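Let me begin by presenting the structure, written as structure tokens, before commenting on it.
Nothing here was measured: the structure is a model prediction, and the numbers come from that model. Chain identifiers are assigned alphabetically (A, B, ...) following the order of the sequence lines, protein sequences preceding nucleic acid strands; residue numbering begins at 1 within each chain.
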Amino acid sequence: KAGVTQTPRYLIKTRGQQVTLSCSPISGHRSVSWYQQTPGQGLQFLFEYFSETQRNKGNFPGRFSGRQFSNSRSEMNVSTLELGDSALYLCASSWFASGGATDTQYFGPGTRLTVL
Amino acid sequence: KNQVEQSPQSLIILEGKNCTLQCNYTVSPFSNLRWYKQDTGRGPVSLTIMTFSENTKSNGRYTATLDADTKQSSLHITASQLSDSASYICVVSGNTGTASKLTFGTGTRLQVTL
């Protein structure tokens with residue numbers, strides 16, 4: 001059974017540009033969550049989608065947005081990139097809404113974004 | 001403010017030795033606590049999930065304990081192997097069980113050497 005896949009794996013952009021990252025969850029999983037990971041801050045929650053609806057959103061500016069398609073694939077978009085957006089962006093999928101007591105989240109390998 | 005603190009920040013041990021990683025949290029109300037292992041350049045992998053009523057859970061050589069009264073958890077690794085070298089992240093979920101209530105520790109970086 002294929003795991004969570006993320007594309008692209010690496011990305012280099014310049015300040016002011018925008019970027020779209022893609023996440024394909026494990027087949028059958030309906031929940032996709034996005035996280036930003038930086039050395040100083042660790043993992044920080046961005047947002048979660050379940051059945052094409054955004055369920056929760058973390059404390060990130062409106063430049064960060066996302067969506068989920070009917071096949072549960074998800075994309076996140078960052079507009080007007082800043083140097084501080086350089087990070088590893090991880091997505092995770094699960095059967096049900098993440099955080100549930102018996103629900104394991106499966107993470108993808110991440111997309112390493114570098115903003116110059 | 002909900003917080004998860006892990007100690008030590010980093011640890012170096014010899015192959016075959018045991019070690020224990022600590023996690024203290026102030027998340028309230030509490031739903032569950034998870035330990036993840038993250039290899040360099042890869043996404044985290046779930047090791048254990050414990051609810052309020054569980055005080056120990058094992059996954060092979062990994063054993064997690066939870067004391068909900070003192071809000072402390074530990075991850076014990078037995079007979080360490082070189083492949084155990086990774087970051088170990090403690091994550092606590094609030095009572096609603098939604099992603100926005102997940103609070104992450106900054107991790108303990110473990111290095112196992114010969």
Would you sort out whether F104(B) and F45(A) count as a ring pair (Phe, Tyr, Trp, His ring centres under 6.0 Å), showing the intermediate values?
CA-CA 9 Å; F104(B) 292 81; F45(A) 170 73; 8.4 Å; no

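Using a 4.5 Å cut-off between heavy atoms, L88(A) contacts chain B through its side chain alone, with no backbone atom that close. No part of L33(B) comes within reach of chain A, as not one of its non-hydrogen atoms sits under 4.5 angstrom from that chain. Residue contact with chain B, scored on non-hydrogen atoms closer than 4.5 Å, involves the side chain of R9(A) exclusively. Neither the backbone nor the side chain of Q6(A) comes within contact range of chain B, judged by heavy atoms closer than 4.5 Å. Residue Y36(B) touches chain A through its side chain alone, counting heavy-atom pairs closer than 4.5 Å.
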Show the atom names and distances, to 0.1 Å, of all donor-acceptor pairs under 3.5 Å that link a side chain in residues 11-23 of chain B to residues at least two apart or in another chain.
from: N18(B); atom 1: OD1; to: A79(B); atom 2: N; distance (Å): 2.7
from: T20(B); atom 1: OG1; to: H76(B); atom 2: ND1; distance (Å): 2.8

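The line from CD of Q105(A) to OG of S93(B) is 9.0 Å long, rounded to the nearest 0.5 Å. Distance check: S46(B) OG to Y106(A) OH gives 7.5 Å after rounding to the nearest 0.5 Å. Atoms OG1 and CD, on T103(B) and Q44(A) in that order, are 11.0 Å from each other to the nearest 0.5 Å.
Hydrophobic cluster membership differs between V45(B) and I26(A), with clusters built from Ile, Leu, Val, Met, Phe, Trp and Tyr side chains linked at under 4.5 angstrom. Under the 4.5 Å side-chain heavy-atom criterion for grouping Ile, Leu, Val, Met, Phe, Trp and Tyr, F60(A) is connected to L83(A) within one hydrophobic cluster. At a threshold of 4.5 Å between side-chain heavy atoms, the hydrophobic network of Ile, Leu, Val, Met, Phe, Trp and Tyr places L110(B) and L82(B) in one connected group. Transitive grouping of hydrophobic side chains (ILVMFWY, heavy atoms separated by less than 4.5 Å) brings F52(B) and M50(B) into a common cluster.
The environment of E5(B) atom CD is sparse: at most 12 non-hydrogen atoms of other residues, nucleotides or ligands sit within 6.0 angstrom. Annotation: N71(A), atom CG; neighbour count of heavy atoms from other residues, nucleotides and ligands within 6.0 Å is above 12.
No other option in G105(B), P44(B), G43(B) has as many heavy-atom pairs under 4.5 Å with chain A as P44(B).
In terms of heavy atoms, T106(B) sits closest to Q41(A) at CG2-O, 4.3 Å.
In this structure, the side chains of R42(B) and L90(A) stay at 4.5 Å or more apart for every pair of heavy atoms.
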